[in-house]
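One structure below.
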Amino acid sequence: MHSPSHLLFFSSSRLGACEMELADRAVGFLLTLVSLSIFTYYTFWVIILPFVDSDHFVHQYFLPQEYAILIPVFAGVVLLCFLCVFIGFVMLKPKKKKA
């Protein structure tokens, strides 16, 4: 049979897992909210805004159209550079030999 301290460990680890699950859900919700906001803003900027009159007040909330292409291209290049650096570090990392 299990000792009381052993059962206490299990109950406290389950409580920690529950708290972690709640924190993971909060982070997931926040990331989803940010992603949907960026998607909505970008979609409105690229698809709908060109059909709105140029003197309309809504244009003050958006950058010029050229940036609609430049920003994602720049973000993609930066992401690709970080990915290449990460792969380079992983490939150059010395392998541990089993004894």
Side-chain angles (χ1 to χ4, degrees):
M1 191 129 216
H2 298 293
S3 66
S5 63
H6 189 67
L7 292 175
L8 182 62
F9 172 75
F10 279 136
S11 64
S12 66
S13 67
R14 288 179 191 217
L15 179 64
C18 184
E19 290 173 359
M20 290 298 291
E21 183 179 327
L22 187 62
D24 288 344
R25 284 183 181 218
V27 169
F29 179 75
L30 183 65
L31 287 174
T32 303
L33 189 66
V34 168
S35 298
L36 284 174
S37 300
I38 291 171
F39 175 77
T40 303
Y41 180 86
Y42 187 78
T43 301
F44 189 82
W45 182 24
V46 172
I47 296 175
I48 298 172
L49 201 62
F51 298 108
V52 177
D53 292 332
S54 59
D55 58 344
H56 198 275
F57 76 93
V58 79
H59 279 276
Q60 70 184 1
Y61 299 112
F62 296 91
L63 292 172
Q65 260 336 92
E66 298 83 32
Y67 290 106
I69 300 298
L70 291 176
I71 291 173
V73 167
F74 179 74
V77 168
V78 168
L79 183 67
L80 189 63
C81 288
F82 280 128
L83 183 64
C84 289
V85 167
F86 174 75
I87 290 173
F89 276 130
V90 169
M91 290 177 66
L92 293 176
K93 190 170 134 179
K95 295 179 182 178
K96 294 181 181 179
K97 294 184 179 180
K98 292 183 179 179

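Only heavy atoms go into these numbers, but all of them, side chains included; no hydrogens, no water, no symmetry mates.
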(message) What's the separation between atom OG1 in T43 and atom CD1 in I38, rounded to the nearest 0.5 Å?
(response) 11.5 Å
(message) According to a hydrophobic-cluster definition based on side-chain heavy atoms being under 4.5 Å apart (Ile, Leu, Val, Met, Phe, Trp, Tyr only), do L80 and I87 belong together?
(response) no
(message) I need the single residue from V78, L70, I71 that forms a side-chain contact (heavy atoms from CB on, under 4.5 Å) with F74. Which is it?
(response) V78
(request) Using the rule that two of Ile, Leu, Val, Met, Phe, Trp, Tyr join whenever any of their side-chain heavy atoms come within less than 4.5 Å, decide whether L36 and F29 are in one cluster. (result) no
(message) In the structure I gave you, are the side-chain heavy atoms of L49 and V58 within less than 4.5 Å of one another anywhere?
(response) yes
(request) Taking the side chain as every heavy atom from C-beta outward, state whether F44 and T40 have any atom pair closer than 4.5 Å. (result) no
(request) Assess whether atom OH of Y67 is packed by more than 12 heavy atoms of other residues, nucleotides or ligands within 6.0 Å. (result) no
(message) Is there a continuous path of hydrophobic side-chain contacts, each under 4.5 Å between heavy atoms, that joins I48 to F57?
(response) yes
(request) State plainly whether one hydrophobic cluster holds both I47 and Y61, where clusters connect Ile, Leu, Val, Met, Phe, Trp and Tyr through side-chain heavy atoms under 4.5 angstrom apart. (result) yes
(message) Tell me if a side-chain donor or acceptor on H59 pairs with a main-chain N or O of D53 at a distance below 3.5 Å.
(response) yes
(message) Show every salt bridge (Lys or Arg N to Asp or Glu O under 4.0 Å) that has at least one partner inside residues 60-81, sequence neighbours left out.
(response) none
(request) For the pair W45 and Y41, name the ring-plane relationship: parallel under 30°, tilted 30 to 60°, perpendicular over 60°. (result) tilted
